[in-house]
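In what follows, every chain begins at residue 1, and chains take the letters A, B, ... in the order their sequences are listed.
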Protein chains: 2
Amino acid sequence: MADIKSQANPLFLTEEEIRQGIELLFYAYRDFTSDPDEILAEYGFGRAHHRVLHFVNRNPGMTVSQLLAILRITKQSLARVLGALVEQGFIRQDQGSVDRRQRLLYLTESGEALERRVSAPQRDRVARAYGEAGAEAVAGYRKVLYGLIGPAERDSILKSIERR
Amino acid sequence: MADIKSQANPLFLTEEEIRQGIELLFYAYRDFTSDPDEILAEYGFGRAHHRVLHFVNRNPGMTVSQLLAILRITKQSLARVLGALVEQGFIRQDQGSVDRRQRLLYLTESGEALERRVSAPQRDRVARAYGEAGAEAVAGYRKVLYGLIGPAERDSILKSIERR
DNA sequence: GAAATAAGTCAACATGGCTGACATAAAATC
DNA sequence: GATTTTATGTCAGCCATGTTGACTTATTTC
């Protein structure tokens, strides 16, 4: 009997608990993304540009396809944003040496500076929340968020995190 | 000395750890919000409609101002979305009895049905992640997300959660 | 040599944010 | 009681960022 119960609902989860989890994610994401907006506006950029800066910084030399797969947007949507960043000298595109069809993405020096500046308030917010919550809570945070990611991508994200 | 260290960086947080926390939030939110989209499309609705359905369901009788404060969008942005939901009979607006300027928001029966249907995959995703991660991890998840919310709103959210 | 792939581009459209200006009704204040 | 403030609604237009569809070019793979 215990088996059946725990299989069906291992934590005796109420709808209330679930909905609170949903709301917390909404609120946290809302405030978390609001941080960089003012700085971005100075350059005429938006959140989409920030995302590109973040992921290219994290994965120097990544291909356009890889970036598209992470962002889950279309090539045409990315083109506008990426084009602006390249045009204004924040991102450099090198031809791949193995596969010369590829355009490998790198932040330029000014791109790195911009990324750091734009991300700073976001990093501070996360650092503060981590510090206040404690190491154990952080482990739980990571575990649950990881479980929220679609199963197909979970492994590759875990690998990309472990690789560092 | 230990005091100084722990004040500055209580968890010995590396930039890598912080950035992983940021990315996990991005990935989780990306997949978490993708769930309801297909169902919403049947009605010609989008994510904005879903948010309204969710919060009116959670706070029956809430005012337009309260909803605006939660969503952090302008009155004009909300008007489009809320207007469509009212027009199609998913949300009812009652005049406030204490303050008759207010329009108190309620889901109609079909609104409740729609909310349940649209939210179902999202709830399932959170329930699964909670179940897999375990009760302790969930507590940590909540603690960290709560810390990510802007301080001004933290208390009122805590209260609205405890009230249930 | 043909087919598949990586990337780019043009055009058109939808969603959901935004600002600014103004209107109405009701409540609160002087 | 007149005035001011508040809650809500509405018109008009703009912008950022997503979408689909069609087509091109260079390169790699078969």
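- OP1 or OP2 of D:dG9 lies within a sub-4.0 Å distance of a side-chain N or O belonging to B:Q93.
- Using a 30° and 60° split on the angle between ring planes, A:Y29 and B:Y29 fall in the parallel class, below 30°.
- Rounded to an integer number of Å, the gap from B:L67 CG to D:dA7 C1' is 14 Å.
- Surrounding CD of A:Q95 are more than 12 heavy atoms belonging to other residues, nucleotides or ligands, all under 6.0 Å away.
- In the region residues 49-57 of chain B, proximity to DNA chain C at under 4.0 angstrom, judged on heavy atoms, holds for B:H49, B:R51.
- Between A:M62 atom CE and C:dA6 atom C1' there is a gap of 14 Å when expressed in whole angstrom units.
- Look at A:R19 and A:E23 and you find no salt bridge, because none of the NZ, NE, NH1 or NH2 atoms lies under 4.0 Å from a carboxylate O.
- Scored by the salt bridge (charged side-chain N to carboxylate O under 4.0 Å, His left out) test, A:E112 finds no partners at all (sequence neighbours excluded).
- In this structure, the side chain of B:T74 engages the main chain of B:S77 through a donor-acceptor pair within 3.5 Å.
- For the residue pair B:E17 and B:T14, a side-chain donor N or O sits within less than 3.5 Å of a side-chain acceptor on the partner.
- The 12-atom threshold is exceeded at CD of A:E42, counting heavy atoms of other residues, nucleotides or ligands nearer than 6.0 Å.
- A heavy atom closer than 4.0 Å to some atom of DNA chain C occurs in no member of residues 23-33 of chain A.
- Following rounding to the nearest Å, A:Q102 (CD) and C:dA4 (P) show an atom-to-atom distance of 19 Å.
- Ring planes of B:H50 and B:H54: perpendicular class, angle over 60° (limits at 30 and 60°).
- Going from atom CG of B:L68 over to atom C1' of C:dC18 covers 14 Å, rounded to whole Å.
- In this structure, A:Q66 reaches neither bases nor backbone, as no heavy-atom distance under 4.0 Å exists between it and the strands shown.
- Salt bridge annotation for A:E153-A:R72: present, with a cationic side-chain nitrogen under 4.0 angstrom from a carboxylate oxygen.
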Protein within reach of the bases, or only the backbone? For nucleotides 19-24 of chain D, mark each nucleotide 5' to 3' as B, S or -, using heavy atoms under 4.0 Å.
BBBB--
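- Taking the six-membered ring wherever Trp is involved, the centroid distance between the rings of A:Y141 and A:Y130 falls below 6.0 Å.
- For B:Y43 and C:dA14, the OH to P distance is 22 Å, given to the nearest whole Å.
- Between B:L105 atom CG and D:dA7 atom C1' there is a gap of 12 Å when expressed in whole angstrom units.
- A:R58 has no carboxylate O lying under 4.0 Å from a charged side-chain N of A:E115, or vice versa, which leaves the two without a salt bridge.
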At under 4.0 Å between heavy atoms, which parts of nucleotides 25-30 of chain C does protein reach? Answer with one letter per nucleotide, 5' to 3': B base, S sugar-phosphate only, - none.
BBS---
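- Other residues, nucleotides and ligands place no more than 12 heavy atoms under 6.0 Å from the CD atom of B:E109.
- Remark: the B:R142 side chain and the A:Q20 side chain contain an N/O donor-acceptor pair separated by less than 3.5 Å.
- Spacing between atom CG of B:D94 and atom P of D:dA7 amounts to 19 Å, rounded to whole angstrom units.
- B:Y106 forms part of a hydrophobic cluster together with B:L104, judged by ILVMFWY side-chain heavy-atom separations under 4.5 Å.
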